[in-house]
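Shown next, in structure tokens, is the structure this report addresses.
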Number of protein chains: 2
Amino acid sequence: MREQKKQATRQALREAALRLALERGPENVRVDDIAEAAGVSPRTYNNYFSSREQAIVAAVTAERESRVAAAIAARPDGVRLADAVADAIVEQYTAPGPHDGDALLLITTSPALREAYAEAAAAMEHPLADAIAGRLGDGDGDTARVLAASVAAAVRIALERWIQRPATGTGGLVVPSGSLPDLLRAALAPLTPALDAAEERARHARRRDA
Amino acid sequence: MREQKKQATRQALREAALRLALERGPENVRVDDIAEAAGVSPRTYNNYFSSREQAIVAAVTAERESRVAAAIAARPDGVRLADAVADAIVEQYTAPGPHDGDALLLITTSPALREAYAEAAAAMEHPLADAIAGRLGDGDGDTARVLAASVAAAVRIALERWIQRPATGTGGLVVPSGSLPDLLRAALAPLTPALDAAEERARHARRRDA
DNA sequence: GCGCAAATTTGCGTGCGCGCAATTTTTGGA
DNA sequence: TCCAAAAATTGCGCGCACGCAAATTTGCGC
């Protein structure tokens, strides 16, 4: 129940950060302001978030990265790994958050926030590696890590694309950065052969053991 | 020739950073010291490197990341993409640098330096994406980006493993983290199917065009 | 309720990253 | 050679991240 209090503080900081950023614009939010709004000392803020952008972005990201891993583990054993991964990711990234509308608009505004948002996808690397290793029968933990890192990188790239505002002023026809699910699946597609091959290898290894 | 001067300053900073870190230990090197040793204002230091660790690590990393891309582009068209990538990476990461012996020992000492060293692999993402796109006939630049990011992530993981000191005090038999070439190839192996598939697709696309 | 141990919060000090605007250096043309 | 534009360097100031140690809170057995 001590953990509950920590999560409460964390959430308070997230929401304070987002609210202030929406009210005043991201540039006019000091770390001290966020801490004060959450009823916490400025030093404590940095025990929870290691940068100012992280807190704002976390308000919309929440625990999404670890949910992805859980969602993958929850898929029945029959489905292909590549499908489990792609479906879980699309599912979690399209799950409606409370403030998403205005918050995402805000994030696209600031380069620093855009970067932090895309970079947050890296947080899924370790949970994802565990989930993939679980599915592969953890014959080779290293393979799982590499695949997880690759998937995380693909998601990051998809998010970068998605958040990118089409260049203003060029008047050019920039590809209007399709829907998020499409971008995610497109970015993950090149990795499908690698996931399939790893799954196949794991299957062979298991059969050999039996 | 203005570019030459910039590169000279950059190198002076790198070498000064490494030399001081070796002399006093990484913790006892202020950014101001590095700047002074390189005959440059502290502010200028941050025009070249955005963190203290970056300069030290850059002394051993140098321009390795961009060389990888060049090495890939230099391979004859016949060789498989996956082989070109793996060979180029192994080649560049085993190329003997001047100070490598003591410098690498130093890097393994400090967690911050270890992280910076592994993280430096991310710098190869963009050059690598260009090189891969070139090989694939840039039919799909997005695929190249994802593959490049995946390769960079794999290299990062291999480097993390490599510089990991076996846990002291556990007395356990930690796998003694094989040779760097082996680690690199092992980390890249899971991505081979993805690289092969992308190459195959590109070949079909080209044939269709002809 | 009491008190102790563990974990968390907090204040303080230091060094750092970087935006900004002024200054110095470099470049290329007349 | 000289000058104007461009580019790099520098000083300044601010806010921030974080190590450290003291203070506070929390959890738990009695």
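Naming convention: chains lettered A, B, ... in sequence-line order (proteins, then strands); numbering from 1 in each chain.
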Please write out each protein N/O paired with an N/O of nucleotides 11-14 of chain D under 3.5 Å, distance rounded to 0.1 Å.
from   : atom 1 : to    : atom 2 : distance (Å)
D/dG11 : O6     : B/R43 : NE     : 3.3

inquiry  = Tell me whether A/R10 forms a cation-pi arrangement with A/F49, defined as NZ or CZ under 6.0 Å from the six-membered ring centre and within 45 degrees of its axis.
reply    =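 Satisfied, under 6.0 Å and within 45°.
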For the atom pair [atom1] ([X]) and [atom2] ([Y]), what is the distance rounded to the nearest 0.5 Å?
| X | Y | atom1 | atom2 | result |
| --- | --- | --- | --- | --- |
| B/I34 | B/L13 | CD1 | CG | 8.0 Å |
| B/L180 | B/T94 | CG | OG1 | 7.5 Å |
| A/L128 | A/L147 | CG | CG | 9.0 Å |
| A/I72 | A/I89 | CD1 | CD1 | 6.0 Å |

Can you list, pair by pair, the side-chain donor-acceptor contacts under 3.5 Å of residues 36-45 of chain A, counting residues two or more places apart and other chains?
from  : atom 1 : to    : atom 2 : distance (Å)
A/S41 : OG     : A/R43 : N      : 3.2
A/S41 : OG     : A/T44 : N      : 3.2
A/S41 : OG     : A/T44 : OG1    : 3.3
A/R43 : NH1    : A/N47 : OD1    : 2.8
A/Y45 : OH     : A/S51 : O      : 2.9
A/Y45 : OH     : A/R52 : O      : 3.4

Can you measure [X] atom [atom1] to [N] atom [atom2] for me and round it to whole angstrom units?
| X | N | atom1 | atom2 | value |
| --- | --- | --- | --- | --- |
| A/K6 | C/dT9 | NZ | P | 6 Å |
| A/L13 | C/dT8 | CG | P | 15 Å |
| B/D33 | C/dG15 | CG | C1' | 11 Å |
| A/Q7 | C/dT8 | CD | P | 11 Å |
| B/E27 | C/dT14 | CD | P | 17 Å |
| A/L20 | D/dG15 | CG | P | 16 Å |
| A/E36 | D/dC16 | CD | P | 13 Å |
| A/R10 | C/dT8 | CZ | P | 11 Å |

* Determine, for A/R145 against A/D130, whether the closest basic-nitrogen to carboxylate-oxygen distance falls under 4.0 angstrom. =>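 Looking at A/D130 together with A/R145, the answer is no, because their closest N to O distance does not fall below 4.0 Å.
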Exercise. When you check the gap from the basic side-chain N to the acidic O, do A/R114 and A/E119 get nearer than 4.0 Å?
Worked result: no
_First of B/D32 and A/V40 reached from the 5' end of DNA chain C, by closest nucleotide_ =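 Going by which nucleotide is closer to the 5' end, it is A/V40.
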Quiz prompt | Contact residues, residues 45-58 of chain B to DNA chain D [heavy atom, < 4.0 Å] | solution =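 Per residue number, the list reads B/N47, B/Y48.
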Note to self: For C/dT8 and A/K5 - does any side-chain N or O of the residue sit under 4.0 Å from the phosphate oxygens OP1/OP2?
What the structure shows: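 Result: no.
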Is the count of non-hydrogen atoms from other residues, nucleotides or ligands lying under 6.0 Å from A/Q7 atom CD greater than 12?
yes
